[in-house]
Every structure is written in structure tokens, then in C-alpha cells.
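Here is the structure we will look at.
Atoms considered below: every heavy atom in the structure, side chains included; atoms not considered: hydrogens, waters and symmetry mates.
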There are 2 protein chains.
Amino acid sequence: MAAEPPRDGADAIQDAWRRELPGVPVESIGVITRIWWAAKFFGDERRRLLADLGVDVATLDLLSTLRRSGPPYRMSPGELAEACMVTRGAITQRVERAARAGLVERTTAGSGYHARAVALTDAGNALLDRVVADLLVAEDRLVGHLSPERREQLAGLLRELLAGLGGPSLTGQVGD
Amino acid sequence: MAAEPPRDGADAIQDAWRRELPGVPVESIGVITRIWWAAKFFGDERRRLLADLGVDVATLDLLSTLRRSGPPYRMSPGELAEACMVTRGAITQRVERAARAGLVERTTAGSGYHARAVALTDAGNALLDRVVADLLVAEDRLVGHLSPERREQLAGLLRELLAGLGGPSLTGQVGD
DNA sequence: TAGGCTGAGTTTAGGCCTAAACTCAGAGAG
DNA sequence: CTCTCTGAGTTTAGGCCTAAACTCAGCCTA
């Protein structure tokens, strides 16, 4: 009686592995592969939108993280690496690119080699003001086909999933 | 009465944007950011596991896609690009690397420039036999903290989300 | 049958990432 | 006071990707 949900590509992949490698547990595909596809879809959309607006995803992630930290919009490379969930080396490179574009500045906010910090410039803040609202509006539209209740359910289950993984949701501060 | 779910990083990001840019719609973050984090977590885990097993994610994706297509385990570059959801150029490079490692071969399966095809070699099939089961077992463990009912709900909601996006779930054949 | 179109595949330039080696200031032991 | 250790940050080598330019066989037209 219950309406069968229409089968999709993930179901087909499960079937294919059952056929090719009988006995392997394929249940995780229903969750992990679909999450992977959704993330790729949202990532591609974001990359294209931001390219039109003249930024790249990595730079916007850096600037957004600084902005969300609140005044004085200043963080150390180590804090940025943790919040952005990339290596310290990646942060060095992101900061280098953003600094060359005038969006952040390295403020040796203490004395000497340690106690370095990265701070948003006025240009960086202006870029965020110009871009983030557009981005969030566009992404709101992308998930708009789900009813608010469905979105709520999905967000809740994902929160549970992440809590159980013990990874990103605990310390990460990345996002938009 | 209802137990409040513990707040996580995505909730904090929503709050931060409400504070920094009042008026922007932040609801999508609850879904999109959490999906992004989960995908990053699973991707990082997969990369590390496969590195230990001596493969990289992109090569395994290529080989898996060929394997799942069934005998004779042969596809054109264009079909592979669509199934793997990467550009044709990326497929050219993946095939080049895999061919150099002896895992696939280019069988000019027709006449001339067109009608090219890529086929799994015995070594490629052997590598899949050796690696895929381990991978699926490991990933099954990663989502094991969710009860089967929860996993089912999550998979169903993700299927709905993807169907509404009109993207990956319709044509993609990527996966493990 | 010459000219041009089309679409599949390849090449190239450039971006961003990770992992591992490297650098350097400050802290602690002797 | 000097040596070593430690940990934050940077640099380098290498991997994978996209976007756009390029190549080329087959086909269609005149």
C-alpha cells in the first residue's frame, strides 16, 4: 500500500555491487553516496555562482570564517585551519591569495614569529556584504522544493549523523 | 517537553550570520552545511583508507564504475564522464593514470578516432576484489551508530532531496 | 568532392588541496 | 647561558580537478 519511492542511481549502485560482489554490505551506500552527490551538486552550484560574482569558494570560506568570528574579525592561522577544516598549509596559501587581493591582512598581532593573526580588511568586509546574501538566497532556493517539515527532519538526522561521527559538527565552524 | 537536540556547529553558524547580516535567510545552512561536513568527513576517511590500500579515490571511482557496468566491463570516455560526474578532461587523465598502472586498457573498440572504449584489465578487477569489500565494510561501520530505522529515514529524505535537485540521482552512476 | 559543421576526445593552463619537510621563536633542563 | 625540544607556521612536491582551447573523423550540403 505504501507508495514505493521511485528508485534512483544509488539504488542501482547497490544492486550492481550485490551482483558483482555478492556478500558485501551495501547498505551504507544509501546514505553515503547520496550525501556525496548532494554535496557535489551544492558545491558545483556554489562554485559557479561565486565565479560569476568574482570570488572563489576557498577565499569566501576564509573571509566568512573571519567574519563569523565577530569583531575584531581576527584569527590565527591555526584557528582558521581548524574552523575551515583544511590543513595549515592550505590556510597559508588561502591567506596569501586573499592578502594579494587586499581582502585580508596579516597583522603580527603580538611580538615576533608567534602570535600571528589574519584580519579582514574593509574590502574583505565589503565583498562579504556584497556576496553572502546572494549566496544564501540562491541556496535557500535550492532546497526550497522540500517542505519546511522535511527540511527540519533532514537537518535533524544529519545533526545526529554528524554527532555520531564525532568529527566536524563538534569543532568545525566552516560554512558559507 | 521534547528533548532539545544539542546544538552543533551548524546552529552556531546560523546564529553568527543572523548577527552579522540580519535579514539574510539562513535556513538552508541546516541542510547544506551539514551535508558538506558529512561529505568531507566520509571523503577524508575514504581517502585515508584507500591510501593505505594503495589506490586513490579517483582511480577507484573509475574502476568501480566500469565494474558496476557489468560484463564486458567496457565503457566509452563520454559514458564514464557522465557516470563519474566529472569532466571529459578529468576522465582522460584518470584513464591515463590507470592505464599506466595497468588497471585498464584503451581498446579502440571500433574503427578509427571515434568508438573508443576503456576496459578493465585482470589487474583492475583483482584490485577491486581486494579493495571494495574492505571499503564497504569500513563505511558500514561509519554509519553504524544510526539505527537501521534512522538510516532508512535519512536515505529516504536524501533521495527526495536529490530528486528535487534534478541532478545526480537521475543519471549519475558514481559511488564506490 | 571541397567546404564546413558537429561532437567526442585530448591537451593545456591554472586553481586548490594534502602530506611531509623545513624554519624559527620561546620554554625548560642542566 | 646554552642546548634541545616543541609547536605554530611556511614551503615544496605532487595529485586531481575544471574550463577552455584544440584536434580530428564522420557527415551533410552544394
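In this structure, Leu158(A) and Trp37(B) have side chains that are not in contact, with every pair of non-hydrogen atoms separated by 4.5 Å or more.
The 5' end of DNA chain D is approached more closely, in terms of each residue's nearest nucleotide, by Thr92(A) than by the other of Arg48(A) and Thr92(A).
For Gln14(B), the side chain to side chain contact (heavy atoms under 4.5 Å, CB included) partners at least two apart in sequence or on another chain are Asp11(B), Arg18(B), Val26(B), Ile29(B).
OP1 or OP2 of dT23(C) has not a single side-chain nitrogen or oxygen of Arg88(A) nearer than 4.0 Å. Residue Arg47(B) has a polar side-chain atom (N or O) positioned under 4.0 Å from OP1 or OP2 of dA19(C). At dT18(C), one or more side-chain N or O atoms of Thr87(A) fall inside 4.0 Å of OP1 or OP2 (strictly under the cut-off). A close approach under 4.0 Å does occur between a side-chain nitrogen or oxygen of Arg116(A) and OP1 or OP2 of dT10(D). Look at Arg97(B) and you'll find a side-chain N or O under 4.0 angstrom from OP1 or OP2 of dC17(D). The shortest distance between the side-chain N/O atoms of Arg94(A) and the OP1/OP2 oxygens of dC16(C) is not below 4.0 Å.
Rounded to whole Å, atom P of dG9(C) lies 10 Å from atom CD1 of Ile91(B). Rounded to whole angstrom, the span from the CD atom of Glu82(B) across to the P atom of dA8(C) amounts to 11 Å. The CD atom of Gln93(A) sits 13 Å away from the C1' atom of dG15(D) (whole-angstrom rounding). Atom pair Met75(A):CE and dG9(D):P shows a separation of 11 Å (rounding to whole Å applied).
Heavy atoms of other residues, nucleotides or ligands lying less than 6.0 angstrom from CD of Glu152(B) number 12 at most.
The residue Ala90(A) sits close to a base: some heavy atom pair falls under 4.0 Å. Val86(B) comes within 4.0 angstrom of sugar-phosphate atoms only, judged by non-hydrogen atoms across all strands, and of no base. Heavy atoms of Gly78(B) sit under 4.0 angstrom from primed sugar atoms or phosphate atoms, though from no base atom.
Judged by distance alone, the side chains of Ser64(B) and Asp61(B) never bring a donor and an acceptor atom under 3.5 Å apart. For the residue pair Arg74(B) / Thr107(B), a side-chain donor-acceptor distance below 3.5 Å is found, with atom types taken as modelled.
Of the listed nucleotides (dT10(D), dC16(C), dT18(C)), dT10(D) has the atom at the smallest distance from the side chain of Arg106(A).
No hydrogens or angles were tested; on distance alone, nothing pairs the side chain of Glu96(A) with the base of dT11(D) as donor and acceptor under 3.5 Å.
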